[in-house]
Amino acid sequence: MVYHENDSGVVNDNVKVCVRARGLLGSNEVGRNTCLTALPSQNAIMINAKPDPKLFAFDYVADEHTTQEQLFDSVARPLVDSFIGGYNACIFAYGQTGSGKSYTIMGGGDVNQSDQNGLIPRTFQHLFTTLNNNQSSSINNSYEDDSNDNNNNEEDNRLQSYKCTLSFLEIYNEQIMDLFVDTSPNLSIREDIKKGIYVEGLREIEITDTQTAMELLEIGIANRHVAETAMNSNSSRSHSVLTINLESTVCIKQTKDGLTKNKYSRLSLIDLAGSERQKSTEAAGTRLKEAGSINKSLSCLGNVIRSLVDLANGKPRHVQYRDSKLTFLLKRAKNIRNMAIVNEEASGSDCRSTVATVRDENTPFGSVALTFVGARGIGVAATPKDGAGTTLSEVAL
Ligand SMILES: Nc1ncnc2c1ncn2[C@@H]1O[C@H](COP(=O)(O)OP(=O)(O)OP(=O)(O)O)[C@@H](O)[C@H]1O
């Protein structure tokens with residue numbers, strides 16, 4: 001992902017859509033065929049459609065040979081750096097059930113198998129390595145006398161201190177639950193003129209190192225609703241939203257008593273529950289009710305994205321954020337613009353990220369779409385190489 005930052009701290013081009021296609025899973029998927037070919041070198045996906053295959057371009061395409069580390073380095077690392085620099089950001093994983101969303105966001109197998117770690121553990125690792133290095137180099141280079149003051153008009157931006165907090169919630173059957181609590185009550189979303197959108201009563205735990213963050217992640221994952229379906233033995237039955245809030249104090253003038261400024265930023269990593277066809281998952285009873293909630297909220301998300309895209313294109317639209325908990329929670333700003341601004345105000349009230357993702361459940365089976373959203377950003381998911389204006393959802397499979 002490439003961020004273009006100009007002198008006034010504005011980042012453009014801040015929505016990226018990436019697709020990861022996994023291979024068939026051995027004995028679990030005997031008799032199934034792949035319906036697409038991932039072409040990482042061209043950042044394209046070829047759908048084996050009849051009569052002619054169709055090629056779709058994305059910002060980044062990963063195939064079954066792409067490692068977890070390569071995926072993080074290519075798509076999430078720049079976003080985490082941007083978050084450390086004071087920008088809000090959001091990463092979604094969207095796709096059909098069993099396509100690899102949780103594998104990509106959380107990781108596979110035991111969390112101690114570090115090569116299998118997904119985006120969240122790698123984000124913790126990179127975040128704390130960077131913050132703690134920046135802070136210690138700042139302390140080691142502290143000003144010993146005022147003779148350095150002759151450069152006091154220059155920006156310094158040394159990290160003096162930071163406060164990082166973590167929250168983790170799930171939306172299960174349209175109820176919001178705190179994943180850090182064993183039996184969470186149903187929490188309410190509130191809207192406040194200063195705080196923006198927030199979840200009342202959600203625990204925010206301060207973290208200063210990767211190990212503590214990983215322990216909390218494990219607690220949260222253990223509390224999440226999962227169940228076996230015909231398409232995934234460990235299927236997420238809820239949307240999970242992990243949010244890291246960062247408040248950093250940086251020195252902006254090269255003087256002993258130099259000026260400081262505070263930056264506030266928020267990074268959300270979201271593992272959406274998979275879209276499902278009842279026939280394929282053989283859902284019944286509780287599973288069927290869950291599937292109904294999942295599909296309904298994903299469809300509301302699609303409607304919100306469509307309205308935001310229309311609005312960005314100058315068409316008057318009412319955005320139905322309140323149609324589902326997921327979209328209401330992700331509502332960030334009324335004035336959506338496709339650019340990002342570093343959050344330096346001390347108020348901390350600017351929740352600027354918004355959402356965008358591939359539009360509906362037609363993401364090809366076996367592929368997961370990740371959407372990366374910077375502050376105030378929205379975007380259209382995919383443009384085919386062979387025709388203008390069509391999104392991935394319009395491909396007939
Ligand atoms: N890139 C990959 N390489 C190897 N195995 C993978 C990959 N992606 C997914 N898998 C495996 O595929 C299975 C399904 O993946 P996962 O549970 O992440 O799907 P999901 O999209 O989160 O599904 P659901 O929406 O039902 O929760 C898991 O066993 C996972 O380990």
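Heavy atoms only: backbone and side chains are in, while hydrogens, waters and symmetry mates are out. Counting starts at 1 for both ligands and their atoms, in listed order. Position 1 is the first residue of the sequence, and the numbers go up from there.
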Original post:
Between Asp63 and Arg22, is there a salt bridge with N-O shorter than 4.0 Å?
Top reply: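 Not counted as a salt bridge, because no side-chain N and carboxylate O are separated by less than 4.0 Å.
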Original post:
Any Lys/Arg nitrogen of Glu290 or Arg237 sitting under 4.0 Å from an Asp/Glu carboxylate oxygen of the other?
Top reply: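 Result for this pair is yes, salt bridge flagged.
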Looking at [X], which atoms of ligand 1 are within less than 4.0 Å of one of its heavy atoms?
X      : value
Lys101 : 18 (O), 19 (O), 20 (P), 21 (O), 22 (O), 23 (O), 24 (P), 25 (O)
Gln96  : 21 (O)
Ser235 : 24 (P), 26 (O), 27 (O)
Gly274 : 25 (O)

Subject >> Of the listed options Ser236, Ser102, Ser99, closest to atom 27 (O) of ligand 1 (non-hydrogen atoms) >> reply: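 Closest candidate by heavy-atom distance is Ser236.
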**OP:** Ignoring angles and geometry beyond distance, decide whether Thr97 reaches within less than 3.5 Å of ligand 1 through its nitrogen or oxygen atoms.
**Re:**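 Checking ligand 1 against Thr97, an N or O pair does fall under 3.5 Å apart.
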Original post:
Under 3.5 Å between some N or O of ligand 1 and some N or O of Leu272?
Top reply: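 No, no N or O pair falls under 3.5 Å.
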Original post:
Counting only heavy atoms not in Glu69, do more than 12 sit closer than 6.0 Å to its CD atom?
Top reply: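 Open: at most 12 neighbouring heavy atoms sit under 6.0 Å from CD of Glu69.
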Original post:
For Arg203, which residues count as a salt bridge (Lys or Arg N to Asp or Glu O under 4.0 Å) partner, sequence neighbours excluded?
Top reply: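 Arg203 satisfies salt bridge (Lys or Arg N to Asp or Glu O under 4.0 Å) with no residue once adjacent residues are dropped.
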Original post:
Sequence neighbours excluded, which residues qualify as salt bridge (Lys or Arg N to Asp or Glu O under 4.0 Å) partners of Asp323?
Top reply: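 For Asp323, no residue satisfies salt bridge (Lys or Arg N to Asp or Glu O under 4.0 Å) once neighbours in sequence are set aside.
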Original post:
Among the heavy atoms of Gly95, does any lie under 4.0 Å from an atom of ligand 1?
Top reply: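 Per 4.0 Å heavy-atom rule, Gly95 does not contact ligand 1.
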**OP:** May I have the step-by-step check of side chain to side chain contact (heavy atoms under 4.5 Å, CB included) for Val319 and Val304, ending in yes or no?
**Re:** CA-CA 6 Å; Val319 186; Val304 165; 3.7 Å; yes
